[in-house]
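Structure record follows, encoded as structure tokens.
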Amino acid sequence: MRIAMIGTGYVGLVSGACFSDFGHHVTCVDKDVSKIEALERGVMPIFEPGLDQLVERNVRGGRLTFTTNLAQAVSDADAIFIAVGTPSRRGDGHADLSYVFGATEEIARALKKPAVVVTKSTVPVGTGDEVERIIRETAPQAQAWVVSNPEFLREGAAIEDFKRPDRIVVGTDDPQAAEMMREVYRPLYLNKSPLVITSRRTAELIKYAANAFLATKITFINEIADLCEAVGADVQDVARGIGLDNRIGSKFLHAGPGYGGSCFPKDTIALLKTAEDHQAPLRIVESVVKVNDLRKRAMGRKVIQALGGEARGKTVALLGLTFKPNTDDMRDAPSLSIVQALQDAGATVRGYDPEGIEQARAMMASVDYYDDPYEAAEGADAVVLVTEWDVLRALDLRRLARSMAQPILVDLRNVYPVEDVENAGLHWHGIGRPSRPH
């Protein structure tokens, strides 16, 4: 099949590259000339493990191309995917659909043959209806079926998620459109990936409901971690004890500094706005959003407490700045709130991250950045492990202790066993585990 992918952001680029690896002919479209030129040179706009090799292989094979010419890409496409951004709208938190609707108008004017127009972007319930209306009014003679096909890609594992998905959700009531989408995803039949075909509005809601539930699970275990600290229990054992119940499951039960990234923060808020508009408030999700926002700032206070309650004049090294490992994404990362809290308290902050420093510089200009975790820690009064990158999972703790002004390790991901930290000569502070006297 011939596929046009509108948007070369995270979702569009990964999806387009993977579709081309299935054997489809894919043209990725973007208005940003410099981005397209960079992609043609093999320079990726994002960090995602394996993406550069995947793109290079399919460009070389003639299955993947890049262009700024939307009309040309759409004119002979069998399936047209809209994968543009839907950021939170400034002022009210609703999803900003201007990019989606703008792309839809251009697609409608360029349609030359029957095609499915697929919303891959995360969009609120009812967006597909509006996309269909725009196409009908812009190009009354066009034959197009509007389908919802939400993405469920984890940053850092997106290629694996696309090629071996838990499920593929397709929202359409039209049998012909459903059959075309089956053909698009036919290569995944060998993996027996469940294909969930439902109504368009249901498909749109599935994406938001999934992210809200996962955000709730994270926030739940974070609150249990606070209770564990108060009563002297161990949140890791609690998580294991409840996670072995197959009705609950062990995933997303790792206590930490709160969720961030490009999806959970904006999608939970957008879902709340949709619920408000339809007078069906989601009180649980409201609490999740509030608790998570407060938690990030509270992690800064936790570091200050580890410093004895006074951070002024102290130096704190943050190891790991992105919201999760294996991405350079700094959007709504817990480190942003932690840095602000520490700087407000008078601390000097250093930062290290394997991939996210360039993005971090744009958001936290007053941080001193280092290319090596040990250099960042040298002379520091505290080291804070914020993001559990693999390179930070086996640090030489004795080396850290020898080089620091004060041997304090605040492990916000519970990566290191307490005994190992203390045997290395460091004072340990973690999440949801009994405090230990120094």
Side-chain angles (χ1 to χ4, degrees), residues 1-7 10-12 14-26 28 74 77-84 86 95 97 100 103-104 107 111 113-136 142-154 158-214 263 267 270-271 274:
M1 294 185 74
R2 304 196 73 85
I3 293 174
M5 186 67 62
I6 314 303
Y10 190 87
V11 173
V14 171
S15 299
C18 287
F19 276 138
S20 66
D21 212 41
F22 290 163
H24 297 308
H25 290 270
V26 180
C28 289
V74 166
D78 304 299
I80 303 150
F81 285 79
I82 299 174
V84 297
T86 54
L97 298 176
V100 172
T104 301
I107 290 167
L111 284 169
K113 56 179 283 191
V116 286
V117 177
V118 187
T119 52
K120 197 69 170 167
S121 304
T122 300
V123 295
V125 175
T127 301
D129 298 349
E130 184 65 11
V131 168
E132 187 172 66
R133 183 194 66 78
I134 292 171
I135 293 174
R136 189 169 57 246
Q143 188 174 2
W145 300 269
V146 177
V147 175
S148 173
N149 176 220
E151 55 85 16
F152 301 97
L153 306 179
R154 296 169 298 159
I159 295 171
E160 178 70 15
D161 285 348
F162 195 98
K163 291 190 170 185
R164 292 169 180 78
D166 295 326
R167 75 290 201 197
I168 303 160
V169 176
V170 172
T172 181
D173 293 321
D174 189 285
Q176 189 169 348
E179 187 56 38
M180 292 178 76
M181 292 302 292
R182 284 192 183 94
E183 183 61 23
V184 169
Y185 283 104
R186 183 183 55 78
L188 292 179
Y189 289 177
L190 293 175
N191 299 338
K192 302 190 186 311
S193 301
L195 183 63
V196 179
I197 297 182
T198 183
S199 72
R200 194 164 59 202
R201 285 186 166 228
T202 301
E204 290 168 339
L205 186 55
I206 285 171
K207 168 67 175 184
Y208 280 105
N211 279 356
F213 186 82
L214 294 175
C263 293
D267 289 355
L271 180 61
T274 298

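Worth saying up front: this structure is predicted, and the values here are computed from it rather than measured.
Here the side chains of Ile206 and Phe152 are in contact, with some heavy-atom distance below 4.5 Å. Residues Val117 and Thr104 have side chains not in contact (no heavy-atom distance under 4.5 Å, counting atoms from C-beta outward). Inter-residue side-chain proximity for Arg182 and Val170 is flagged as unmet; no heavy-atom pair is nearer than 4.5 Å. Here the side chains of Leu153 and Ile159 are not in contact, with every heavy-atom distance at 4.5 Å or above. Counting heavy atoms from C-beta outward, Glu179 and Gln176 have side chains that stay 4.5 Å or more apart. Taking the side chain as every heavy atom from C-beta outward, Glu151 and Lys207 approach each other to under 4.5 Å.
For Pro165, the side chain to side chain contact (heavy atoms under 4.5 Å, CB included) partners two or more places apart in sequence, or in a different chain, are Ile168, Leu188, Ser193. Checked against side chain to side chain donor-acceptor pair (under 3.5 Å), Asp161 has the following partners two or more places apart in sequence or in another chain: Arg154. The side chain to side chain contact (heavy atoms under 4.5 Å, CB included) search around Ala115 returns Ile80, Leu111, not counting sequence neighbours.
Checked by atom type and distance alone, the side chain of Thr86 pairs as donor or acceptor with a backbone atom of Thr122 at under 3.5 Å. The closest donor-acceptor contact from the side chain of Ser121 to the backbone of Val123 lies at 3.5 Å or more, if one exists at all.
Phe22 and Phe162 have tilted rings, their planes meeting at an angle from 30° to 60° on a 0 to 90° scale.
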Pair Asp129-Arg201, side-chain contact (heavy atoms from CB on, under 4.5 Å): steps then yes or no: CA-CA 8 Å; Asp129 298 349; Arg201 285 186 166 228; 2.9 Å; yes

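Contact detail for Gly126 and Glu204: the closest heavy-atom pair is N-OE1, 2.7 Å.
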